[in-house]
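Data block below; observations after.
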Amino acid sequence: MTHPQVVVAVPARLESARLPGKLLAEIAGKPMLQHVLERCQQARGVAAVLVCTDSEQVRHLAQSWGVSVLMTSPDCSSGSERLASVVAELVAAAGGATADFDETLVINVQGDQPLLDPGVIEAMVAQFELLQRPPLLTPVYPLAADKIHDPNVVKVLRARDGRAITFSRSALPHLRGVPPQQWGEHTTYWGHVGLYGYRADLLAGWAALPTSPLEDLEKLEQLRLIDAGIPLLTYEVDQDCLSVDTQEQLEQARALAGA
């Protein structure tokens, strides 16, 4: 089996409900999005890094940083839908052709992860090969006790074989008869790192996936795939890479970056 073709795609939308314009917020003298792109470019085994956006402002900035851009519709409801709308161009950027969709890994990196470890991307590429190119991969990490009940942290309930059973902002599993502050003493709780590794043929079929009530309730796009019965495999990393959704998290990122 030949090595897979790999492209990193960063969906970039300026209109954030909780922290508007966060992608361009300054961290250590650079916009947050620029930090993300630079870290993606450090990952080995990646053919290309692209921004997918509906913003002309983002397009001009990304191109000024030497990053290729694909323009997408402002009507995309999620980052995954944004990438799905340009999947043929992403496969081409990875060095493939239409016939290579099942050989191409499209890694969806959120534009609000300025402290992303490039090694997480490299681990995803390695897992994609090791697991013989599954439709979908995502990293998880063991949660600290003080994060188990934090609604800003997305949790993953995993099966024994590493498949994701479901995702939620609530703690999973619920421990009956145990005080919530003691739950972490009885089992490992898993947090979700907001990266997805899509085999390109899965993205190509995104528009045909049925809408998901679970996705609408939790506002978590990966639940559409769980609802559709598509296996989502997880792999373990040591820790989360901070996602910036609130002003408090932005200040935390600035402190960690030495701003």
Side-chain angles (χ1 to χ4, degrees), residues 4 7-13 15-18 50 52-54 70-91 94 96 98-112 124 127-128 131-140 151-174 190-235 243 245:
V7 59
V8 171
V10 180
R13 181 176 64 92
E15 293 78 16
S16 168
R18 285 190 284 180
L50 295 91
C52 300
T53 186
D54 57 14
L70 295 174
M71 296 302 293
T72 60
S73 168
D75 297 327
C76 294
S77 63
S78 68
S80 296
E81 183 177 328
R82 197 173 298 281
L83 303 194
S85 70
V86 291
V87 64
E89 292 92 331
L90 292 173
V91 171
T98 303
D100 298 321
F101 273 43
D102 61 350
E103 303 288 331
T104 301
L105 175 64
V106 179
I107 299 180
N108 179 346
V109 175
Q110 310 298 318
D112 59 5
M124 182 175 283
Q127 288 292 314
F128 187 66
L131 299 173
Q132 300 185 338
R133 304 180 186 179
L136 184 56
L137 280 167
T138 196
V140 298
N152 290 314
V153 177
V154 177
K155 292 87 177 176
V156 190
L157 184 63
R158 305 171 77 204
R160 185 174 297 176
D161 63 2
R163 282 181 303 107
I165 297 172
T166 192
F167 296 77
S168 180
R169 296 187 183 279
S170 299
L172 296 171
H174 177 93
W190 296 98
H192 179 226
V193 182
L195 274 73
Y196 303 96
Y198 288 111
R199 204 173 61 203
D201 58 333
L202 175 57
L203 277 180
W206 185 270
L209 292 174
T211 57
S212 164
L214 287 176
E215 178 188 15
D216 292 339
L217 290 168
E218 289 267 15
K219 308 303 181 190
L220 297 173
E221 63 191 275
Q222 62 270 44
L223 290 174
R224 181 179 301 198
L225 298 155
I226 297 287
D227 236 3
I230 296 171
L232 200 169
L233 303 186
T234 67
Y235 64 96
S243 295
D245 289 316

Practice item. Check V153 against K155 and note the closest heavy-atom contact, atom names and distance. Key: O-NZ, 2.9 Å

Review point. Judged by atom type as modelled, is there a donor-acceptor pair below 3.5 Å linking the side chain of T72 to the main-chain atoms of C52?
Key: no

Sequence neighbours excluded and cut-off under 3.5 Å, please list the side-chain donor-acceptor pairs for residues 190-200, or say none.
from	atom 1	to	atom 2	distance (Å)
H192	NE2	T138	OG1	2.6
Y196	OH	Q222	OE1	2.8
Y196	OH	Q222	NE2	3.3
Y198	OH	S80	OG	2.6
R199	NE	D201	OD1	2.8
R199	NE	D201	OD2	3.4
R199	NH1	R133	O	2.8
R199	NH2	D201	OD2	3.2

**Study point:** Separation between CG of L172 and NE2 of H174, rounded to the nearest 0.5 Å
**Key:** 11.0 Å

Check your understanding: For S77, what residues pass the side-chain contact (heavy atoms from CB on, under 4.5 Å) criterion, not counting sequence neighbours?
Key -> E81, R224

Review point. CG of L220 to OG of S168: how many Å apart, nearest 0.5 Å?
Key: 7.0 Å

**Study point:** Residues that D54 engages under salt bridge (charged side-chain N to carboxylate O under 4.0 Å, His left out), provided they are two or more places apart
**Key:** R82

Using distance only, find each side-chain donor-acceptor pair of residues 206-213 under 3.5 Å and give its atom names and separation, not counting sequence neighbours.
from	atom 1	to	atom 2	distance (Å)
S212	OG	L214	N	3.2
S212	OG	E215	N	3.1
S212	OG	D227	OD2	2.7

Exercise for review: Return the set of residues passing side-chain contact (heavy atoms from CB on, under 4.5 Å) with A159 (not counting sequence neighbours), or none when no residue passes.
Suggested key: D161, R163, I165

Point to revise | Heavy-atom pair of closest approach, residues T53 and A12 | key: OG1-O, 2.7 Å

**Study point:** Interatomic spacing from CG in L136 to CG in L203 - rounded to 0.5 Å
**Key:** 8.5 Å

Exercise for review: Using the side-chain contact (heavy atoms from CB on, under 4.5 Å) rule, take L202 and L225 through it: C-alpha gap first, then chi angles, then the decisive distance, then the call.
Suggested key: CA-CA 10 Å; L202 175 57; L225 298 155; 4.2 Å; yes

Point to revise | Intermediate values then yes/no, side-chain contact (heavy atoms from CB on, under 4.5 Å), S73 and S85 | key: CA-CA 8 Å; S73 168; S85 70; over 6 Å; no

Exercise for review: With rounding to the nearest 0.5 Å, note down the distance linking CE in M124 to CG in L105.
Suggested key: 7.0 Å

Review point. Where do N108 and Q110 land on the side-chain contact (heavy atoms from CB on, under 4.5 Å) test, with the steps shown first?
Key: CA-CA 7 Å; N108 179 346; Q110 310 298 318; 3.5 Å; yes

Practice item. List for me each residue that meets side-chain contact (heavy atoms from CB on, under 4.5 Å) alongside A164, sequence neighbours excluded, and say none if there are none. Key: V156, F167, I226, L232, T234

Point to revise | side-chain contact (heavy atoms from CB on, under 4.5 Å) partners for A171, two or more places apart | key: I148, H149, W183, Y189

